[in-house]
Each structure stands twice: as C-alpha cells, then as structure tokens.
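None of the values given here were measured: they were computed from a predicted structure. All residue numbers refer to positions in the sequence shown, counting from 1.
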Amino acid sequence: MSDLPRKAVTRTAKLAALPLGIAGRATWGLGKRIGGKSAELVARELQQRTAEQLFKVLGELKGGAMKFGQALSVFESALPEEVAGPYRAALTKLQDAAPPMPTRTVHAVLAERLGEDWRELFLEFEDKPAAAASIGQVHRAVWQDGREVAVKVQYPGAGEALLSDLTQLSRFARLLGPLIPGMDIKPLITELRDRISEELDYGLEAEAQQAHAEEFADDPDVVVPGVVHQSDQVLVTEWIDGIPLSEVIADGTTEQRDRAGQLLARFLFSGPGRTGLLHADPHPGNFRLLPGEDEDGGPESWRLGVLDFGTVDRLPGGLPDTIGICLRTALAGEAETVYELLRGEGFVKETVALDPDAVLEYLLPIIEPAQVESFGFTREWVRTQAARIADPRSPAHQLGKQLNLPPSYLLIHRVTLSTIGVLCQLNATVRLREELEEWLPGFVDEE
C-alpha cells in the first residue's frame, strides 16, 4: 500500500549516491576551472549543486533522511556564509515541504484507521495535502461539528524507513561531515534514532499536544491547537492559520522577526514549568506567527502558533534549577561555584580536572545574550561562537572536548541550540533576560 520507498536496498542506493555525487561534482568543478572559470564561481556552482542534490534526495525519501535534513536546517545560521548561502533556500524549502503521498494511499490509510465510513466524520476533506513532513502529511478538513481541522496521516512503513535511513546515514556520517563543516553528525543521527518510537506513536503525541493546548488555552501569546480525534497513524487537531516561521525568516519585517523571536524564547522557557514537557523539535516548520485579535493589530498582539508535539522531553519538575543557578553564577563571575555545579551534574567527569576560570571563560561568550537587557541574535554572532569552539587550535575547542553532556541534558541542550539557531535565522532582537527571570528556575536568587 505504501508509496514511501521502503526497501532498504532502494533507500540505501539513493543515500549512498550522495557522497559519490559530491565526488563527481568535485571532478566536474576541476574541469570547469581548467576550462577557464574562476575558482570562486566554480565553488559557488558546486555548493549550489550539492545543496540541490542533498535536499532533493532527503525530501524524496521522507523518513529518517528528511528528519535528518530538518535537524540540520536549524543549524544553518552557524555555518560560514560562503557555505550557508547556497544551502539556505533548499533548507528552508525542506522545513515545510516534501513530495506528497498519492491520494489513493491517503484514503486507504484513513479507511483502515478510521473505518470504511471515514468520510462521514468530515463535512469537507481536501485531498491535496497542506503540508508534508518526515513521517506524515497534513490535510485540511472540516470536522463533523463544523470545526476546521488538520488531519495528520502517517506514511505507511514510516517506522522501517526511519530506522533504515538513519542506520545508513550513520554508516557514512564521516563522508557527510564536509557538507556541514564544524558539526559532529553522528551524535545527531544517534539521537534521532533514539526518538523514533515516540515520534511514530500518535497517542503519545496527542497527549503531549492536548496538555499544551489546555495549559495555553487562555494564553495571550501562545496558541496550541487542541486534539479533536486520534487513532493509530491518524491525528486530527484544530486548524490554525498564520505565517510559517520559514516565511518570516525569508521575508518578514523587523517587527515580525523580533516578535516571533521573543515568543519563541518565551515558549521554550515557560513550557516545561507549565506542562512538565519540553517541545523538542524547534525547527521553523513547526511554528506560525498569528495576527493578534486587537483592533490595532500591533506587533505586541501577534501570537506564536506551535505545532507538532511528536518529540517531547518529559520534565515533571520543569527545567532543572541547576541550569538557572549555573547561568546566574556564571554571569556573576563565580567560577568556582559554576565549576562545582557542572561537576555535580556530570558535565565534568570525576576523572577530569579543569581550571574553573578557563571553564568560565569558555562559557561567557555563549551566554552573552543573558547579560544584557536585549540582544540581537545574528548569523554573524553564532558563526563566531561556532568557529571558536570548532577550531582545533583554539583553547575553547580543547576545553570543550573535555566536557561531558549527561544523558538527561541531551534534549535540553539540542533544543536550546536549535532555538538559538532559529533566533539567529530570524535576525531577531530579543529580551532574553526578561524571559529567564520570569521562567527559568534558579536564575533569580530568591535569598
């Protein structure tokens, strides 16, 4: 029934062609240079062709390949401009689109999961998908009670495809490295594999989304669509309109960018304390900027729509207060306190001895946005941070290699980095300290 390429040999062949294609294009580039084209022009064409092939293949395969591409997309802002430039359009396109399932497949899944009379549940159902992503696609419809809804249909065979793709990608992670300079690809792929079963379970997703919908029901800043109906491989939720964040990144006004960035930071830091859950898939395709309901319609009335709760981190007590305490004491220059906190949480292993002042020096540039009343997140800033840590010759790189990331902080760390990446793509000026003081446990000294 599935039109998603499921056979491992088929998908492996497509993925394996990526590094071969890169080698082929390098040969093509050499030929162009011999033929008289400038090195700069050839390099630009080479990068453009590489980006087009990479994201064409990832998008066509959906599954783990596309999930990997989406995960990479939020880190685009950290790449050097000469590398990031040709990728940006392809990355943005991947965040919101993928080749759709044929209508007959969609109807077959709905009949199997909702019953042969599934059409009676809807007053209207649009066969053309409104969005397509890594493991499912969304159709706009009208539920039997008149509500506009989004019907999320999982691709048949998505589980097998996810595992197959990520296994294959991990095998040649080293070859993919040059595509995204400065990024360690293998841990990212490993983490994606670890989250597969949760993301495929629409029951868990429905629970997480409904918990957020109820908590944010009367919130003036954040909108989470409620769950209408859920069954295996089908999830029906309320429909929300709005400007996709990818469009705000591409063409938004300064006011839209700043407001979207402020609300994104607010949602990141307020959500865990309010729901016990951390939305762990913060790529731009999962957010919308909604015009406010105020008559004047000013920027401060715009709201953030949040979608896709397939990947969450369960934090019953909210974000660990150690994060807030460590951030506060680091800003105060208390190197010894910061060092002991990091050691206590496992960021510094017992077998490793580091200079507390060197650790503080490593952290201060990264936490710069929390030092000031408002901070302008830019690609240039995050590239500077990425280059400082990635350069093998730098003290920051040497120290960073000796730090450890405890398993309980894996998702928190990735979500924070990904959110910073999106803020830099937005080029947003954000009052981050204000959100930390309001929502991050331990950041304000209560004594």
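Scanning both residues, A206 and V227, for their nearest heavy atoms gives O-CG2, 3.5 Å. Considering all non-hydrogen atoms of both residues, W143 and H229 come closest at CH2-CB, 3.8 Å. Nearest heavy atom pair, residue P284 against residue Q425, reads CG-OE1, 3.8 Å. Shortest non-hydrogen contact noted between L440 and G324 is CD2-CA, 3.7 Å. Across all their heavy atoms, G305 and I240 have their closest contact at CA-CD1, 3.8 Å. Closest of all the heavy-atom pairs between A370 and L436 is CB-CD1, 3.6 Å.
Remark: the backbone N or O of V415 is paired with a side-chain donor or acceptor of T419 at under 3.5 angstrom. N286 contributes a side-chain N or O that, together with a main-chain N or O of D281, makes up a donor-acceptor pair within less than 3.5 Å. Using modelled atom types, one side-chain atom of R257 and one backbone atom of I249 make a donor-acceptor pair closer than 3.5 Å. The backbone N or O of R388 lies less than 3.5 Å from a partner atom in the side chain of S394, making a donor-acceptor pair. Distance alone, capped at 3.5 Å, places no donor-acceptor pair between the R147 side chain and the Q144 backbone.
Using cut-offs of 30° and 60° for the angle between ring planes, the F125 and W118 rings count as perpendicular. Using cut-offs of 30° and 60° for the angle between ring planes, the F267 and F309 rings count as perpendicular.
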Exercise for the section: Under the side-chain hydrogen bond (donor to acceptor under 3.5 Å, both in side chains) rule, what do Y202 and Q233 come out as? Steps first, then yes or no, please. Expected result: CA-CA 6 Å; Y202 279 3; Q233 295 188 341; over 6 Å; no
Problem - Stepwise side-chain contact (heavy atoms from CB on, under 4.5 Å) check, D232 with D201 - result: CA-CA 8 Å; D232 189 23; D201 189 334; over 6 Å; no
Practice task
Step by step, work out the side-chain contact (heavy atoms from CB on, under 4.5 Å) result for V228 and E238.
Solution key: CA-CA 7 Å; V228 176; E238 294 170 337; 4.0 Å; yes
Exercise for the section: For the pair L278 and L268, evaluate side-chain contact (heavy atoms from CB on, under 4.5 Å) and give the outcome as yes or no after the intermediate values. Expected result: CA-CA 7 Å; L278 172 68; L268 166 65; 3.8 Å; yes
Practice task
Verify side-chain contact (heavy atoms from CB on, under 4.5 Å) between L304 and V306, making sure each step is shown before the conclusion.
Solution key: CA-CA 6 Å; L304 184 74; V306 185; 4.1 Å; yes
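Distance CG/L432 to CD1/I367: 11.0 Å, rounded to 0.5 Å. The CG atom of L123 lies 11.0 Å from the CD atom of E148; values are rounded to the nearest 0.5 Å. Of the inter-residue distances, the one linking R113 atom CZ with L235 atom CG reads 14.0 Å to the nearest 0.5 angstrom. Between the OG1 atom of T429 and the CG atom of L423 there is a distance of 10.5 Å, given to the nearest 0.5 Å. Distance check, rounded to the nearest 0.5 Å: CG of L426 to CG of L289 gives 9.5 Å. The line from CG of D241 to CZ of R288 is 9.5 Å long, rounded to the nearest 0.5 Å.
Residues V312 and L204 form no side-chain contact, since every pair of their non-hydrogen atoms from C-beta on lies 4.5 Å or further apart. Between V149 and T237 there is no side-chain heavy-atom pair separated by less than 4.5 Å. Looking only at side-chain heavy atoms (C-beta outward), V142 and E126 stay at 4.5 Å or farther from each other. No side-chain heavy atom of S270 sits less than 4.5 Å from a side-chain heavy atom of E438. Taking the side chain as every heavy atom from C-beta outward, L114 and F122 approach each other to under 4.5 Å. The closest side-chain heavy-atom distance from L290 to W302 is not below 4.5 Å. Residues P282 and F287 meet the side-chain proximity criterion, which asks for heavy atoms closer than 4.5 Å. Side-chain contact between N404 and Y409 is absent, with no heavy-atom pair separated by less than 4.5 Å.
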Can I get a per-line list of side-chain donor-acceptor pairs under 3.5 Å for residues 214-225, giving both atom names and the distance, sequence neighbours left out?
unit_1 : atom_1 : unit_2 : atom_2 : d
E214   : OE2    : Q210   : NE2    : 3.2
E215   : OE2    : R274   : NE     : 3.0
E215   : OE2    : R274   : NH2    : 3.4
D219   : OD1    : D221   : N      : 2.7
D219   : OD1    : V222   : N      : 3.0
D219   : OD2    : R274   : NH1    : 2.9
D219   : OD2    : R274   : NH2    : 3.2
D221   : OD1    : R259   : NH2    : 3.0
D221   : OD2    : R266   : NH1    : 2.9

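Partners of E434 by side chain to side chain donor-acceptor pair (under 3.5 Å), not counting sequence neighbours, listed by chain and number: R431.
If you check the side chains of H107 and D127, you find a donor sitting under 3.5 Å from an acceptor.
Checking each of H139, Q137, Q230, E205 against K152 for a side-chain hydrogen bond (donor to acceptor under 3.5 Å, both in side chains) leaves exactly one that passes, namely E205.
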